[in-house]
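Quick notes on the structure that follows.
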Amino acid sequence: MQHWLFKTEPETYSIADLKREGRCGWDGIRNYQARNRLRDEVAVGDQVLIYHSSCAEPAVVGLAEVCGAARTDPYQFDPDARYYDPRSTPDQPRWVLVDLLFKEVFATPLTLKAIKADALFADMELVSKSRLSIQKVAPAQFDAILNRCRAG
DNA sequence: GCCAACGTTGGC
DNA sequence: GCCAACGTTGGC
């Protein structure tokens, strides 16, 4: 079982949206490195930290679990969708999504500021490869984040 | 809204 | 396969 951090812009899709819906297809990933991870490495049962980016206070805000392995992202075929890709065809789809199950909204979100201020998190991809939207999280860091986020 | 970092495209 | 031009991300 692996640990991940998935980024989302809360104006587009937030942890509150995931809580309300209970589960969702994590669509719209249009970056090859992120796609390859979804397709080859993310597995059912993996734990996923949800991170809000491009907002007033970027932070880790909640927890989800992978409940469905990679499948074709249908929006790549929809000309009206934001995530339309005219080079994708149904026999040769480029993009996949995984399905997530809502688990938890954190009592205390861990802000990017706090992550950057703590040496424990210095080698996180969030710090070193900040643009990658599907990030790996080491078990020790995952546990530390959970502990901080669940504390009052 | 700015801009640095970095991913993608396409001509050669 | 190189690399310049261009597009996107995301913190600030």
Side-chain angles (χ1 to χ4, degrees), chain A residues 2-21 24-43 46-64 66 69-100 102-138 140-142 144-151:
Chain A
Q2 289 211 81
H3 305 91
W4 303 94
L5 181 150
F6 286 10
K7 291 197 283 190
T8 183
E9 298 183 14
E11 282 189 21
T12 303
Y13 194 82
S14 71
I15 190 70
D17 293 322
L18 180 56
K19 180 179 184 182
R20 180 164 33 79
E21 295 179 358
C24 74
W26 201 258
D27 55 60
I29 299 299
R30 296 292 180 269
N31 165 284
Y32 291 106
Q33 195 177 352
R35 187 276 313 267
N36 292 347
R37 286 181 170 183
L38 289 182
R39 187 189 59 196
D40 303 334
E41 299 185 62
V42 175
D46 285 358
Q47 302 297 298
V48 179
L49 298 167
I50 303 297
Y51 174 85
H52 282 174
S53 67
S54 296
C55 58
E57 184 121 270
V60 179
V61 294
L63 182 68
V66 178
R71 60 185 172 91
T72 301
D73 181 342
Y75 292 105
Q76 66 196 301
F77 307 126
D78 178 355
D80 297 326
R82 175 184 174 189
Y83 300 118
Y84 178 57
D85 185 342
R87 297 159 304 184
S88 273
T89 61
D91 17 331
Q92 288 215 311
R94 289 187 173 209
W95 308 111
V96 300
L97 57 76
V98 299
D99 290 285
L100 293 187
F102 171 77
K103 295 202 71 172
E104 180 175 351
V105 175
F106 291 138
T108 313
L110 185 62
T111 64
L112 178 61
K113 197 176 162 190
I115 290 169
K116 284 182 168 174
D118 193 326
L120 180 62
F121 303 124
D123 64 347
M124 281 189 71
E125 290 184 338
L126 198 60
V127 177
S128 64
K129 284 190 185 181
S130 62
R131 297 186 53 198
L132 185 57
S133 60
I134 303 294
Q135 306 202 348
K136 295 183 187 184
V137 179
Q141 289 165 341
F142 180 85
I145 291 171
L146 271 197
N147 285 336
R148 281 165 214 221
C149 289
R150 284 172 173 163

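Here is how names work: the chains are called A, B, and so on, in the same order as the sequence lines, proteins then strands, and each is numbered from 1.
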Does A:Arg131 get its side chain close enough to the base of C:dT8, under 3.5 Å, for a donor-acceptor pair? yes

Let me confirm one number: the CD-NE2 distance from A:Glu57 to A:His52, rounded to the nearest 0.5 Å. 12.0 Å

What is the separation between atom CD1 on A:Ile29 and atom P on B:dT8, rounded to the nearest whole Å? 12 Å

Taking only the side-chain heavy atoms of A:Lys7 (C-beta and beyond), determine which of C:dG10, C:dG11, B:dT8 contains the nearest atom. C:dG10

Should A:Tyr84 and A:Gln76 be marked as a side-chain contact (heavy atoms from CB on, under 4.5 Å) after you check the CA-CA gap, both sets of side-chain angles, and the distance that decides it? CA-CA 4 Å; A:Tyr84 178 57; A:Gln76 66 196 301; over 6 Å; no

Reckon A:Lys113 touches a base, only the sugar-phosphate, or nothing at all at heavy-atom distances under 4.0 Å? nothing

Quiz question: by atom type and distance under 3.5 Å, do the side chains of A:Asp99 and A:Trp26 form a donor-acceptor pair? no

Measure OH/A:Tyr83 against C1'/C:dT8 and give the value in whole Å, please. 12 Å

Atom-to-atom span, CD of A:Glu9 to C1' of C:dC12 - whole angstrom: 15 Å

Atom pair distance, as rounded to whole Å: CD1 in A:Ile115 and P in C:dG11: 10 Å

Can you check whether A:Tyr51 has a side-chain N or O nearer than 4.0 Å to OP1 or OP2 of C:dG11? yes

A:Arg35 CZ to B:dG7 C1', straight-line distance once rounded to whole Å: 14 Å

Closer than 4.0 angstrom, basic N to acidic O: yes or no for A:Lys136 and A:Glu41? yes

Think A:Arg87 has a side-chain N or O under 4.0 angstrom from the OP1 or OP2 of B:dT9? yes

Establish, with yes or no, whether the OP1 or OP2 oxygen of C:dC12 is under 4.0 angstrom from a side-chain nitrogen or oxygen of A:Lys116. yes

Protein-nucleotide distance (A:Asn31, atom CG; C:dG7, atom P), rounded to Å: 18 Å

In whole Å, I'd like the distance from the CD1 atom of A:Ile134 to the C1' atom of C:dT9. 14 Å

Without hydrogens or angle criteria, can the side chains of A:Arg82 and A:Tyr75 be said to hold a donor-acceptor pair below 3.5 Å? no

Between C1' on B:dG7 and CG on A:Asp85, what's the gap in Å once rounded to a whole number? 15 Å

